Amino acid sequence: MSATTQITLRTAVVMPFVMIFIITIGVIVTVQKNSYEEMVRDVSDKQLTALTDNVNLVLHSFLNDPFQASLNLSHSIGFNHLYTPNDTSNIEQYLRTSFKNLYHNLPQLDVIGFGGESAEYVGFRKEPNNDYTLMVQDNRTQGKLVIYRGQTISQDIRSVFEQYDPRVRPWYAPVAKSLTPMWSSIYANADERQEITLSALTPVFYADAFQGVVVTDIKIDTFNTFLKNQQEQTNAVIYIVDDKSRIVAQSTGGKIVSWGTPQSEKGDRLLATESANPVIKANADYFSSHDFHLQNEPQRYQLDIEGERYFNHFTPYIDEYGLQWYIGVAISDTHLLGKLPESQRNSWIIGIIASFLGIGLGLVAFNHIVAPITSTVSAAKRLAKGDWDSHMPKPGNIYETTMLVYAFNEMANNLKVSFRALRSQLLYDSLTKLYSREGLIDTCDKLPILNGSLMLVGINKFRDINDSIGHYQGDQLLVAISQRLKSVFSGDYYLARIGGDEFAIYMPAEQSDETSLETANRVLKAFAAPFVIEQESVVVSASVGIVENGPDENMTLWLRNGSIALSNAKQDVTNISHYRPEMADISRNRTLMQAKIKDALEHNEFVPFYQPLVDLKTGEVVGAEALARWLSPSAGLVSPMDFIPIAEESGLIGAIGEQILLQACNDTVKGMKEGKWNSAFHMHVNLSVNQLSQPDFISTLQRVLQQSTLNANNLTLEITESRIVDNDRVTIQNMQAIRDLGVHIAIDDFGTGYSSLAYLHKLPFNCLKIDRTFVNNLNPEDLDTSIVAAIVNMTKGMKVSLIAEGIETDEQAKMLAKLNCPLGQGFLYSRPVPFEEWPTNLVSMK
């Protein structure tokens, strides 16, 4: 190998690179100038859309959580008949307990209260020091509204208000008139604070009689703070207006209710056109000229405000309880891109200069002959000491030394690859490239001290997802989940996949319970959007177990405790659980419960209770639904909530379902022979997806029909819509085989799942059961536009039966009959009862 040849090769490599570099720079500069505006539009759209989506998501949680609290409180007050005229002591105790134990962590929730039909009032107001202030008006306060400094009635009184009548307040009167849950208008409180408030209002009923109103107050300032933080982070102006262009919240600070301005009376809501912020005012003027507030589609537009271009999004926000708001987001050209164009041009100039200098220096450096043997020896010593990241020697201009360096580099690289591959297989997960369980333990145990927090994230029912979409797509889903988890965390953290569907995140920094809970909620929100795997959307939910202040220098014990917390989180309604030492006992109790369920199966302690299905036109009982109950000789009637989740988790739900199915079929035959039920009676039995996905289920069903001698046409199997797995071959085959046997199939809780109409047409079924939530929301004023009406109209041509669940009042039954819904069930007719206690007076209930 001659020097001339090497110099020629060097030149041949450098020159094309230089030419390509120069051409590339020229093309980029030219294209950049032409595509600048397109880039600006795209960047602004993406940023404002993302910001709007974030505000929408937080706003939904901000409003929905207090409203759900109001619904739960009103139901409990009415159900337990806590209201006594002129005496609110029972409700006072219940509200105090609920506020402290259930709703304390809702920062936006300021007041929980109840106003009665006899002008009583009782409520609790959250104080800055995390204490609560009691507010009472009843016989105990001689009909005056008294605000105490503590949580109980005492001599320590803060304020007294004469002639306070809650029935005329804006949070009471509208509900007393409509008798439906709704939002109040934004108003100022009547207490000494006079804070700006939005209230979630829910009527309280007992035996169909209106008792009063439960109100949960939301501090608008709480959401203003969130919007202000968003503006500080993004430099975008964010505001919310209602359908009358009145300001609801804004990131720029300032008031939303006038207190005696020249333009309005004290307490009036400010219009967006009256805003002190020029951006909001300019947008409001633009709304009024284009009628944006009358449109329900997001709008995008640009405005020149005070000599600067602003990109604007205006997006509707509508909820089911009457809110019709609009979210406005605006960001200036300067804040969006800053000095990007100028900086970009300068960077190209600097880059070109630096590149030419580098090329020149490289050509000079190539003319020097290095000492390849010396560098090879040095590299060998470093490798012998375990320094695998040391630089390898470079070949020189001499043929023999060049071959030596090539051989050494090849050997060293092979050793590096082998060593790193072995270490990677041990410490890293081959699928997600995250730490493995061993890798996390090895890495964290080397830290000086373990005093941070550990989170275990488990994918709920991943086995069902994996079975439905296939193992390959299941692996791709795990990869997507790992990427989304990475986006949640920042700073110093360690992320690992420690099991098939479990991830662990260790954060070395010590965190408070509130901080770790906030982080866990961010993890759960990361799963709110579906995952798209090969053009297929997959909805995934997760649970989070949290461990703090675990055993020092032992990540293995941290992970064990985290596993216990994760198991508890999967049973918790919030899907989040902090590890506590007593959880180990709970875990053992869960194992004990599994053993009891197995014993109960052996002794046939699971029995069906029956709830009638009624023809809404004639009142005739046409069938019944069999509901699983556990009659324990030692514990009595065990609640389904206590054993069904454990049975599903342990896989025992299939055996329970088979026992219930057999007994229900036997009882149906017995009821027909005794004349209790006619020959056309339909028995509905719930079928778990666990049973339906078993390949041998059809043979089991045939055996049950044969043993009970029940005609297949008298049996309907109910399958919950939200648990039907899309494209599960075994599930679809079994559903078709059930139909082929003559057994009917009902889709339970219809409308609460994720099945599309196109997919629904692929399923073989005979009946749809409308979920009780839609029945509860029926209103005579908008009956024809209700979801129930939509379902009835949608199924007219499908030749399927409809059953409305959860009918509790005569008014609901009449509205359903008016909508031509044929069948219904609910407490209005009967609670679930044993076969022996089936009422004999259910012949006609019209």
Side-chain angles (χ1 to χ4, degrees), residues 426-429 431-432 434-463 478 481-482 484-527 540-591 594 645-646 649-650:
L426 177 65
L427 301 182
Y428 296 91
D429 176 53
L431 178 63
T432 61
L434 304 176
Y435 283 115
S436 64
R437 184 184 188 91
E438 293 76 12
L440 181 65
I441 293 173
D442 179 78
T443 303
C444 292
D445 284 352
K446 292 178 180 177
L447 297 174
I449 187 172
L450 297 179
N451 62 348
S453 62
L454 175 71
M455 290 188 182
L456 259 64
V457 180
I459 310 305
N460 297 334
K461 299 183 180 178
F462 182 76
R463 179 179 297 176
L478 289 172
I481 290 173
S482 68
R484 193 170 290 184
L485 285 176
K486 287 181 181 179
S487 67
V488 174
F489 296 91
S490 61
D492 192 10
Y493 71 95
Y494 300 90
L495 177 60
R497 179 188 175 210
I498 61 172
D501 59 351
E502 292 184 5
F503 297 83
I505 306 100
Y506 176 69
M507 291 161 285
E510 189 172 354
Q511 297 187 9
S512 64
D513 288 347
E514 292 182 357
T515 303
S516 60
L517 183 61
E518 180 182 349
T519 305
N521 280 314
R522 289 207 316 269
V523 171
L524 294 185
K525 288 179 181 178
F527 290 86
V540 178
S541 64
S543 301
V544 180
I546 305 173
V547 181
E548 295 171 332
N549 300 321
D552 291 346
E553 301 179 3
N554 194 333
M555 180 53 65
T556 302
L557 292 180
W558 280 68
L559 290 172
R560 186 201 67 180
N561 295 342
S563 180
I564 294 175
L566 178 59
S567 297
N568 190 71
K570 291 186 177 182
Q571 311 300 323
D572 195 286
V573 66
T574 64
N575 291 118
I576 299 175
S577 176
H578 283 78
Y579 173 76
R580 300 184 302 276
E582 60 267 28
M583 283 185 179
D585 296 332
I586 296 174
S587 180
R588 286 190 288 271
N589 291 337
R590 186 182 292 113
T591 303
Q594 292 181 10
I646 297 178
E649 179 182 347
S650 61

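Just so it is clear, the model here is predicted, and its values are computed rather than measured.
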Applying side chain to side chain contact (heavy atoms under 4.5 Å, CB included) to Ile546 and Thr519, what does each step give before you reach the verdict?
CA-CA 10 Å; Ile546 305 173; Thr519 305; over 6 Å; no

Rounded to the nearest 0.5 Å, the CD atom of Glu438 sits from the OG atom of Ser436 at a distance of 4.5 Å

Interatomic distance, CD1@Ile441 vs NZ@Lys446, rounded to 0.5 Å, equals 12.5 Å

CG (Leu566) and CD (Gln571) are apart, to the nearest 0.5 Å, by 10.0 Å

TODO: Using modelled atom types only, decide if a donor and an acceptor are shared between the side chain of Ser563 and the backbone of Leu559 within a distance under 3.5 Å.
DONE: no

The ring pair (Phe, Tyr, Trp, His ring centres under 6.0 Å) partner of Tyr506 among Trp558, Phe489, Tyr493 is Trp558

Closest non-hydrogen contact found for Gly545 with Ala569 is N-CB, 4.4 Å

For Ser541, the side-chain hydrogen bond (donor to acceptor under 3.5 Å, both in side chains) test, sequence neighbours excluded, returns Asn460

Original post:
Is the shortest heavy-atom distance from the side chain of Leu485 to the side chain of Phe527 under 4.5 Å?
Top reply: yes

Tell me whether Ser453 contacts the main-chain N or O of Val547 through its side chain, where contact means a donor paired with an acceptor under 3.5 Å. no

Separation between CE (Met507) and CG (Leu495), nearest 0.5 Å, reads 10.5 Å

Between Leu440 and Ala496, the two heavy atoms sitting closest are CB-CB, 3.9 Å

Interatomic distance, CZ@Arg437 vs CG@Asp442, rounded to 0.5 Å, equals 14.0 Å

- Message: Any heavy-atom pair between the side chains of Val540 and Phe462 that's under 4.5 Å?
- Response: no

Worksheet entry | Parallel, tilted or perpendicular: rings of Tyr428 and Tyr435 (30°, 60°) | parallel

On a heavy-atom basis, the closest approach of Glu548 and Ser516 is OE2-OG, 2.7 Å

In short, Ser482 meets Leu434 closest at the heavy-atom pair CB-CD1, 3.6 Å

Taking side chain as C-beta onward, heavy atoms only, is Thr432 less than 4.5 Å from Ile481? no

For Arg560, the side-chain hydrogen bond (donor to acceptor under 3.5 Å, both in side chains) test, sequence neighbours excluded, returns none

Correct closest heavy-atom pair for Ile459 and Lys570 would be O-NZ, 4.1 Å

For Ser577, the side-chain hydrogen bond (donor to acceptor under 3.5 Å, both in side chains) test, sequence neighbours excluded, returns Asn568

So ring pair (Phe, Tyr, Trp, His ring centres under 6.0 Å) across residues 559-589, not counting sequence neighbours, yields none

Hits for side-chain hydrogen bond (donor to acceptor under 3.5 Å, both in side chains) against Ser487, two or more places apart or cross-chain, chain-then-number order -> none

Salt bridge (Lys or Arg N to Asp or Glu O under 4.0 Å) pairs touching residues 485-498, sequence neighbours excluded, are Asp429-Arg497

On a heavy-atom basis, the closest approach of Leu450 and Asn554 is CD1-N, 3.5 Å

Rounding to 0.5 Å, atoms CD (Glu518) and CD1 (Ile576) come to a distance of 11.0 Å

Does Asp445 use its side chain to pair, donor to acceptor, with the backbone of Met555 at less than 3.5 Å?
yes

